[in-house]
Asks: 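There's a structure below that I have some questions on.
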Amino acid sequence: MRDAGYDLPAIPLQYTEGVNRRMEGLYTGEAPAGSIDVDPYAKFLYHVKFDGTATRYPVGVGRQGRTLSGLATIQLKKAWPGWTPTANMLRTEPEVYGSFRGGIPGGLRSPLGARALYIYRNGRDTYYRVHGTNDLDSIGNSGSAGCIRMFNQDIIHLFNNVSLPMTINIRSESESMRVDPEYYNRGRELPPKIVDPEDLLGAEAIANDKKPDLTQLAFN
């Protein structure tokens with residue numbers, strides 16, 4: 001698909017096999033209509049509709065103990081956002097994030113991908129996001145530092161259907177087992193992915209990553 005001046009390649013079929021793809025159907029969860037429901041154990045995100053259906057997207061989630069849980073609010077959304085590792089990420093995994101402490105501007109190099117939804121609780125930024133990713137293998141698995149990852153095509157689709165503010169619920173383990181036992185603990189836990197700084201910060205990487213043209217986008 002074409003987006004903000006970029007040509008986003010199709011997702012290879014091996015990453016969308018079985019249930020690891022966007023689907024529409026009846027919603028059997030417990031979140032209210034007009035909200036987002038995330039199951040970090042089944043690795044699905046549901047956009048709950050008012051007609052009793054939902055769009056279900058596969059997601060990648062945080063490694064064990066690194067995922068937000070409970071109710072929160074999406075208060076901000078951005079197209080092609082820049083990324084800076086949090087102080088906690090730098091403290092706990094300096095070998096993964098230390099080279100990027102200065103941040104990466106929005107574009108093809110940004111780990112937040114094509115879109116990001118910013119999660120707040122009690123009016124304060126939680127520093128957790130629902131966002132796109134180029135790390136396709138992480139979708140359907142646990143591999144992030146805590147954020148919820150989606151295929152870029154899927155986060156664009158969701159972004160266009162999210163009106164602010166929107167409630168987001170991130171299921172507890174007991175809720176996941178109660179609501180969706182069939183897919184409980186789907187996927188696997190991945191080790192931290194260490195990226196060569198040259199791939200994102202090198203002169204060639206910067207030269208090949210033009211800024212997104214946000215004037216081409218029609219926002220809802």
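This chain uses plain numbering: 1 for the first residue, then up along the sequence. For clarity, every value in this text was computed on a predicted model and none was experimentally measured.
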Asks: Please check if any side-chain donor atom of Tyr57 sits under 3.5 Å from a side-chain acceptor atom of His157, or the reverse.
Replies: yes
Asks: Can you tell me if CZ on Arg124 sees more than 12 non-hydrogen neighbours from other groups inside 6.0 Å?
Replies: no
Asks: Would you say the side-chain atoms of Thr53 and Asp51 include a donor-acceptor pair closer than 3.5 Å?
Replies: yes
Asks: Looking at Asn122, I want to see if its CG is surrounded by more than 12 non-hydrogen atoms of other residues, nucleotides or ligands under 6.0 Å.
Replies: no
Asks: Going by side-chain contact (heavy atoms from CB on, under 4.5 Å), name the residues that satisfy it together with Ala54, two or more places apart in sequence or in a different chain.
Replies: Tyr27, Tyr46
Asks: Between Arg178 and Glu30, does a salt bridge (Lys or Arg N to Asp or Glu O under 4.0 Å) hold up when you go through it step by step?
Replies: CA-CA 10 Å; Arg178 180 175 67 250; Glu30 300 172 348; 2.8 Å; yes
Asks: Should the heavy atoms of other residues, nucleotides or ligands under 6.0 Å from OH of Tyr120 be counted, would the total exceed 12?
Replies: yes
Asks: Which value, rounded to the nearest 0.5 Å, describes the distance between Arg21 atom CZ and Asp154 atom CG?
Replies: 11.5 Å
Asks: Apply the side-chain contact (heavy atoms from CB on, under 4.5 Å) test between Ser144 and each candidate in Arg63, Arg129, Arg149, His131; give the one that qualifies.
Replies: Arg149
Asks: How long is the straight-line distance from CD of Gln75 back to CG of Leu164, given to the nearest 0.5 Å?
Replies: 8.5 Å
Asks: Once rounded to the nearest 0.5 Å, what's the spacing between atom CD1 of Ile139 and atom CG of Leu136?
Replies: 7.5 Å
Asks: Counting only heavy atoms not in Lys211 (residues, nucleotides, ligands), do more than 12 fall under 6.0 Å from its NZ?
Replies: no
Asks: Evaluate the criterion side-chain hydrogen bond (donor to acceptor under 3.5 Å, both in side chains) for residue pair Asp135 and Thr133; output intermediate values, then yes/no.
Replies: CA-CA 5 Å; Asp135 186 5; Thr133 185; 5.3 Å; no
Asks: Distance only, no hydrogens: is a donor on one side chain within 3.5 Å (strictly under) of an acceptor on the other, for Glu17 and Asn20?
Replies: no
Asks: Is the closest side-chain heavy-atom distance between Leu200 and Asp209 below 4.5 Å?
Replies: no
Asks: Would you please say whether a donor-acceptor pair under 3.5 Å links the side chains of Glu24 and Thr55?
Replies: yes
Asks: Once rounded to the nearest 0.5 Å, what's the spacing between atom CD of Glu175 and atom OH of Tyr41?
Replies: 10.5 Å
Asks: Within the supplied structure, the quantity of interest is the number of heavy atoms (other residues, nucleotides, ligands) at a distance under 6.0 Å from Glu204 CD; does it exceed 12?
Replies: no
Asks: Between atom OG1 of Thr84 and atom CE of Met89, what is the distance when rounded to the nearest 0.5 Å?
Replies: 10.0 Å
Asks: Could you go step by step and tell me if Arg115 and Asp3 meet the salt bridge (Lys or Arg N to Asp or Glu O under 4.0 Å) rule?
Replies: CA-CA 11 Å; Arg115 303 286 191 277; Asp3 189 79; 2.9 Å; yes
Asks: Answer yes if Leu76 and Ile168 sit in the same cluster of Ile, Leu, Val, Met, Phe, Trp and Tyr residues linked by side chain heavy atoms under 4.5 Å apart, and no otherwise.
Replies: no
Asks: Find the distance between CG (Asp137) and OH (Tyr15) and round it off to the nearest 0.5 Å.
Replies: 5.5 Å
Asks: Phe44 ring centre to Arg171 NZ or CZ under 6.0 Å, with the angle to the axis within 45°?
Replies: no
Asks: How about Ile119 and Val130: do any of their side-chain heavy atoms sit closer than 4.5 Å?
Replies: yes
Asks: Could you tell me whether the side chain of Asn169 and the main chain of Ala72 form a donor-acceptor pair under 3.5 Å?
Replies: no
